[in-house]
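Notes for the one structure printed next.
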Amino acid sequence: MRRKLGRNDRCWCGSGLKYKRCHMHRETQEPVSIWQATKEHKKAFSTKDCLAPASMKIDCSKIFVKAHTVPRSSLQHIACNGHVYSFIPSLENIIKYKGRLQPELIGISRASTFNGFCSVHDSKIFSKIENQPFQGSQEQCFLLAYRALAREIYTKKALFSSSDIRRQADRGKPLERQLAIQYMNALIDTGASAGLRDNEFYKKIYDNVLLSEDFNNVRAFIIELDSAPPVMCSAGIFPEQDFAGNQLQNIVDLNMTPHLLNFASFYSGDHGLVVFTWLPESDPTCRPFIDSLRALSSDRMTDALIRFFFEFSENLHICPRWWESLADDKKNTLIDRLASSADPILARNPGCIAEDGFRFDNWPISNLKPVGF
Ligand SMILES: [Zn+2]
Ligand SMILES: [Zn+2]
């Protein structure tokens, strides 16, 4: 028979605290107010933390300008009255929409921003993509990827530091709810810590490339479009499957470092762009992934990209006219993709980005350009 948990034993929830200081009598504890929880959550996601390589940190500024992961000038091309639709994973929204986030209109000065670089390093590191036209050089492709990777690290650190407040969410609730909430928290924390560890592994490699200024090994696949894509994004992910539904790597094994693929979609000033970037370490997954995209007929490529963007990134910014023109079943299937990818319990469906019969759009493609491979 199992012994009952004593007052001085470590609590069952994994907090590391003694039971008496944690879950003992939790059902009668004062619940955390939404106001307090929201404040803590916001604080975690607005921490100022410059992610420049360690050897550059000596020049860090105390000033942080919220850095755009999709350039503001790009967002302007798809905005209506200065607004785009974005998904904001704030605590209020997660509660309001019961975890199934809905797009909300936000001003482009706020869209896609994060506090991941101080003002000195934001302008120094990214000047070749912020102040020069995008010409698809290996350096420019790399910088897009570097920023996407930094954002992933920033977001996972924030998720991690909101762990305490998430662990308090079961105060005043019966034991059954406490178990469910703490189980969910454990999954979120395990996922965030494995993701952070893997992203930090790549950050060291990317830092070395940045500092060496040798971009010869950078791989990219550039899709040039006649006009601005109505969905703009920037993210770094570990692709599990290709566009034909084939398994590429097993990311469930937390002892392995999965291969990293970064992507961004934006507007260059005279044409639209979707850019995938990776380094040679990730060839075994990224090459077949891109091959499966290139194998699609050009009239099915846009929908494949849209499925992919919504499946893998919540850092999405959408042209209001485009979104509002979609029928409800199309909006719902895209929102479902986003919700299922944010749920730590649900595994991704097999073939999650393979053809699903939905037709969204057909962006005229002017060029497909492999770079460095
Ligand atoms: Zn506890
Ligand atoms: Zn800095």
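For ligands, and for the atoms within them, numbers begin at 1 and follow the listed sequence.
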Within the 4.5 Å heavy-atom criterion, are Trp278 and His259 side-chain neighbours or not? no
Can a salt bridge be assigned to the pair Asp164 and Arg167 using a cut-off of 4.0 Å between side-chain N and carboxylate O? no
List the steps and the verdict of side-chain contact (heavy atoms from CB on, under 4.5 Å) for Glu200 and Leu196. CA-CA 6 Å; Glu200 284 181 331; Leu196 183 59; 3.9 Å; yes
Every N, O or S from the protein that is nearer than 2.8 Å to the Zn ion (ligand 2): Cys50 SG, Cys60 SG, Cys118 SG, His121 ND1
Any protein N, O or S atom under 2.8 Å from the Zn ion (ligand 1)? Found Cys11 SG, Cys13 SG, Cys22 SG, His23 ND1
Phe263-Phe289 aromatic ring centre distance below 6.0 Å: no
Charged N to carboxylate O below 4.0 Å: is that the case for Lys203 and Asp207? yes
Can you give me the closest heavy-atom contact between Ser74 and Tyr267, atom names plus distance? OG-N, 2.6 Å
Please list all pairs meeting side chain to side chain donor-acceptor pair (under 3.5 Å) that have one or both residues in residues 48-60, counting only residues at least two apart or in different chains. Asp49-Lys157
Any residue meeting side-chain contact (heavy atoms from CB on, under 4.5 Å) with Ala150, in chain and number order, not counting sequence neighbours: Leu51, Phe114, Phe117
If only atom types and distance count, is the side chain of Ser265 paired as donor or acceptor with the main-chain N or O of Cys233 below 3.5 Å? yes
